[in-house]
Amino acid sequence: RLGMRNSHMDITLIYSRVIMINIVGEVYNPGSYSIPAINTAFNALIAAKGPNQLGTVRNIYIKRDGVIVDSLDIYQFLFNPTNSQDIYLQDGDYLFVPPAMNIVEVKGAVNRPYTYEAKSNEYVADIIRYAGGYTTNAFRDVITLKRIDYNTLKVYDVYKDHLASTIVYNGDEL
């Protein structure tokens, strides 16, 4: 014991245990994959080339023995990596990518105009954040929200004070 106090050790991992996982649902290359156990759910998803155009990026489920044990939200993983958790898989796990549910289109003076997926109970402010925030020349006081409501197009003005309290729904356009 006394001789170990001033000792230093270097450990090198030469080989990692290999696990078999199944990636199913709306991904470009579904199937069974043999991957090193040190990979996370996000790494495994990359092996399957990620969700396809129909697949969710917000509610990717990890199933173990037929039970959902965890879920992966790629937006949280990418936009807030300090708070995201690395989800490690076990042999025989399933990564299930269901279809996306709440699609919101963002156009105009944002840094990343695109189509985004909203979780239930997410707000206009959340979607603007996912879109990279406003450009320098954006008019920030009012945002136009277009929504199909019972086969009728409705147009709303969402004022700056209500961005964090206005929920977005499937098919909305900002």
Side-chain angles (χ1 to χ4, degrees), residues 21 23-31 33 35 38-62 68-89 94-174:
I21 59 159
I23 303 175
V24 296
E26 300 297 337
V27 293
Y28 283 106
N29 293 323
Y33 290 85
I35 62 170
I38 59 173
N39 284 306
T40 64
F42 184 76
N43 300 129
L45 191 60
I46 298 299
K49 305 294 186 236
N52 63 26
Q53 295 293 336
L54 300 176
T56 183
V57 291
R58 306 298 309 275
N59 295 303
I60 299 168
Y61 299 110
I62 293 91
I68 295 172
V69 294
D70 213 335
S71 65
L72 175 64
D73 180 342
I74 293 177
Y75 285 5
Q76 292 301 317
F77 186 84
L78 295 176
F79 291 111
N80 198 4
T82 56
N83 290 340
S84 68
Q85 296 178 351
D86 289 332
I87 302 168
Y88 290 95
L89 301 171
Y94 278 79
L95 208 59
F96 173 58
V97 180
M101 299 301 286
N102 294 322
I103 305 300
V104 178
E105 188 167 354
V106 182
K107 298 179 178 178
V110 291
N111 289 306
R112 287 187 298 267
Y114 193 67
T115 302
Y116 292 90
E117 184 180 358
K119 282 191 168 182
S120 58
N121 297 324
E122 280 195 315
Y123 302 98
V124 171
D126 298 317
I127 303 304
I128 296 297
R129 183 170 49 88
Y130 297 145
Y134 300 105
T135 59
T136 55
N137 63 343
F139 181 71
R140 302 166 190 230
D141 293 340
V142 181
I143 291 179
T144 302
L145 169 64
K146 295 179 183 178
R147 179 175 289 158
I148 302 292
D149 191 14
Y150 297 107
N151 295 325
T152 304
L153 176 64
K154 295 188 177 180
V155 180
Y156 301 95
D157 287 335
V158 181
Y159 293 92
K160 181 171 41 175
D161 296 344
H162 297 110
L163 294 179
S165 61
T166 302
I167 293 178
V168 292
Y169 294 100
N170 188 40
D172 282 357
E173 182 181 308
L174 301 175

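Nothing here was measured: the structure is a model prediction, and the numbers come from that model. Worth knowing before you read on, the calculation uses all heavy atoms, side chains too, and leaves out hydrogens, waters and symmetry mates.
- Put simply, CD on Gln53 and OH on Tyr28 are 4.0 Å apart, with the number rounded to the nearest 0.5 Å.
- The two atoms that bring Tyr134 and Leu163 nearest to each other are OH-CD1, 3.3 Å, heavy atoms only.
- Asn170 places a side-chain N or O within donor-acceptor distance of the main-chain N or O of Ile103, the cut-off being under 3.5 Å.
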**OP:** Dump the intermediate steps for side chain to side chain donor-acceptor pair (under 3.5 Å) on Asp149 and Thr152, then the final yes or no.
**Re:** CA-CA 5 Å; Asp149 191 14; Thr152 304; over 6 Å; no

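- Nearest heavy atom pair, residue Arg129 against residue Arg112, reads O-NH2, 4.1 Å.
- Here CD1 of Ile87 is found 6.5 Å from OG of Ser71. Values are rounded to the nearest 0.5 Å.
- Atom CG in Asn137 sits 9.0 Å away from atom CZ in Arg140 (nearest 0.5 Å).
- With Asp172 as the fixed residue, the salt bridge (charged side-chain N to carboxylate O under 4.0 Å, His left out) test singles out one of Arg147, Lys146, Lys107: Arg147.
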Original post:
Passes salt bridge (charged side-chain N to carboxylate O under 4.0 Å, His left out), Asp73 versus Lys119? Steps please.
Top reply: CA-CA 10 Å; Asp73 180 342; Lys119 282 191 168 182; 3.3 Å; yes

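- The CZ atom of Phe77 lies 5.5 Å from the OG1 atom of Thr40; values are rounded to the nearest 0.5 Å.
- Taking CG of Leu89 as the reference point, atom CG of Asn39 lies at 8.5 Å (rounded to 0.5 Å).
- Contact check for Pro51 versus Thr56: no side-chain heavy atoms found under the 4.5 Å cut-off.
- Between the side chain of Glu117 and the backbone N or O of Val57, at least one donor-acceptor pair lies under 3.5 Å.
- Between Ala44 and Ile35, the shortest heavy-atom distance links the atoms CB-CD1, 4.0 Å.
- The minimum heavy-atom distance linking Tyr116 with Ala131 is given by the pair OH-CA, 3.3 Å.
- Heavy atoms only, all atoms of each residue included: Leu72 and Ile62 are closest at N-CD1, 4.3 Å.
- Of the possible polar contacts, one joining the Asn52 side chain to the Gly55 backbone as a donor-acceptor pair under 3.5 Å is found.
- Taking CG of Leu174 as the reference point, atom CD1 of Ile128 lies at 5.5 Å (rounded to 0.5 Å).
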**OP:** Verify side chain to side chain contact (heavy atoms under 4.5 Å, CB included) between Thr144 and Asp157, making sure each step is shown before the conclusion.
**Re:** CA-CA 5 Å; Thr144 302; Asp157 287 335; 4.3 Å; yes

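- Side-chain atoms of Tyr130 never come within 3.5 Å of backbone atoms of Ala118 as a donor-acceptor pair (strictly under, hydrogens ignored).
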**OP:** Apply side chain to side chain contact (heavy atoms under 4.5 Å, CB included) to Ile143 and Thr166, showing your working.
**Re:** CA-CA 11 Å; Ile143 291 179; Thr166 302; over 6 Å; no

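- When every heavy atom of Val168 is checked against every heavy atom of Tyr123, the shortest pair comes out as CG1-C, 4.2 Å.
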